[in-house]
Amino acid sequence: MVIMEYIYYRIYLAYQRKGDAAILLSPLYIAIVYALIFSPIAMFIIELLKDPQSSNSIYILAIYMLLVLLYTFRKYCLHTDIKLLSKKFAQKKINRSIPNWCFFMILPLCFIWWIMTYSMMVDFIIKPLGLRGFIYNLYIV
């Protein structure tokens, strides 16, 4: 998780230099990145539990997002000290070689990851194996 700490550190510094609320925005940015990276797992569970009206999908997605937000804020707001990260990463050579805008390209790349993995999962796993609503149908029938 050193990579995510470094991304958090660089995003925090970028928001701070811009004059924005870095203490709030950088954990939110990391939370969205985490949510998008691990969303195929959540979407797979949603597909397995999908009912015919698709009414339970929003609840599962809300629980997933709440868990990601709680984890991120617990980790980065309560347990990560920016001064310690500054000591850890301030003298790294990579700071001068990677511009800040590259770190803000992570989010669009995560959206692409999410779309590609979800569509491939549905096309190659869910539909061919008939798993849509499998767990829901198992308990209802």
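Atom set for the values below is all heavy atoms of this structure, side chains included, hydrogens, waters and symmetry mates excluded.
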Can you establish whether the number of heavy atoms outside Leu129 located under 6.0 Å from its atom CG is more than 12?
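Yes, enclosed.
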Would you say Phe134 has more than 12 foreign heavy atoms packed within less than 6.0 Å of its CZ?
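Open: at most 12 neighbouring heavy atoms sit under 6.0 Å from CZ of Phe134.
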Indicate if [X] and [Y] have the same hydrophobic cluster label, given that clusters are the connected sets of ILVMFWY residues with side-chain heavy-atom separations under 4.5 angstrom.
X: Ile106; Y: Phe104; value: yes
X: Ile94; Y: Ile3; value: yes
X: Leu78; Y: Ile11; value: no
X: Ile115; Y: Tyr34; value: yes
X: Met105; Y: Tyr6; value: no

Working for side-chain contact (heavy atoms from CB on, under 4.5 Å), residues Leu28 and Leu69
CA-CA 8 Å; Leu28 279 176; Leu69 282 171; 4.1 Å; yes
So Leu24 and Phe73, side-chain contact (heavy atoms from CB on, under 4.5 Å) or not? Walk me through it.
CA-CA 9 Å; Leu24 176 66; Phe73 275 96; 4.2 Å; yes
Would you give the length of the straight line joining atom [atom1] of [X] to atom [atom2] of [Y], rounded to the nearest 0.5 angstrom?
X: Ser26; Y: Leu13; atom1: OG; atom2: CG; result: 9.0 Å
X: Ile63; Y: Ile60; atom1: CD1; atom2: CD1; result: 7.0 Å
X: Ile58; Y: Met65; atom1: CD1; atom2: CE; result: 11.0 Å
X: Asn100; Y: Phe103; atom1: CG; atom2: CZ; result: 7.5 Å
X: Leu107; Y: Tyr29; atom1: CG; atom2: OH; result: 4.5 Å
X: Ile32; Y: Cys110; atom1: CD1; atom2: SG; result: 10.0 Å

side-chain contact (heavy atoms from CB on, under 4.5 Å) between Trp113 and Leu109, worked out:
CA-CA 6 Å; Trp113 158 260; Leu109 292 174; over 6 Å; no
Anything under 3.5 Å between a donor and an acceptor, one on a side chain of residues 39-48, the other on a protein residue two or more places apart or in another chain? List them.
| from | atom 1 | to | atom 2 | distance (Å) |
| --- | --- | --- | --- | --- |
| Ser39 | OG | Leu36 | O | 2.9 |
| Ser39 | OG | Trp114 | NE1 | 3.3 |
| Glu47 | OE1 | Arg132 | NE | 2.6 |
| Glu47 | OE1 | Arg132 | NH2 | 3.0 |
| Glu47 | OE2 | Lys50 | NZ | 3.4 |
| Glu47 | OE2 | Tyr118 | OH | 2.6 |

With Tyr76, which of Tyr8, Tyr12, Tyr9, Tyr71 fulfils ring pair (Phe, Tyr, Trp, His ring centres under 6.0 Å)?
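Exactly one pass, corresponding to Tyr8.
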When you look at Ile7 and Ile30, which way does the side-chain contact (heavy atoms from CB on, under 4.5 Å) test go after all the steps?
CA-CA 8 Å; Ile7 293 170; Ile30 296 295; 3.8 Å; yes
Without swapping roles, check the side chain of Asn95 against the backbone of Phe89 for a donor-acceptor pair under 3.5 Å.
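It does hold such a pair.
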Got a donor-acceptor contact below 3.5 angstrom from the Ser86 side chain to the Lys83 backbone?
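No; zero donor-acceptor contacts below 3.5 Å.
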Could you give all pairs that pass the salt bridge (charged side-chain N to carboxylate O under 4.0 Å, His left out) test and reach residues 52-76, with sequence neighbours left out?
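Pairs touching residues 52-76 that pass the test: Glu5-Lys75.
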Heavy atoms only: give me the nearest Pro27-Ala22 pair and the separation to one decimal.
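Of all heavy-atom pairs spanning Pro27 and Ala22, the closest is CD-O, 3.8 Å.
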So do the side chains of Val68 and Phe38 get within less than 4.5 Å of each other, counting heavy atoms only?
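The answer is no; the side chains never approach within 4.5 Å.
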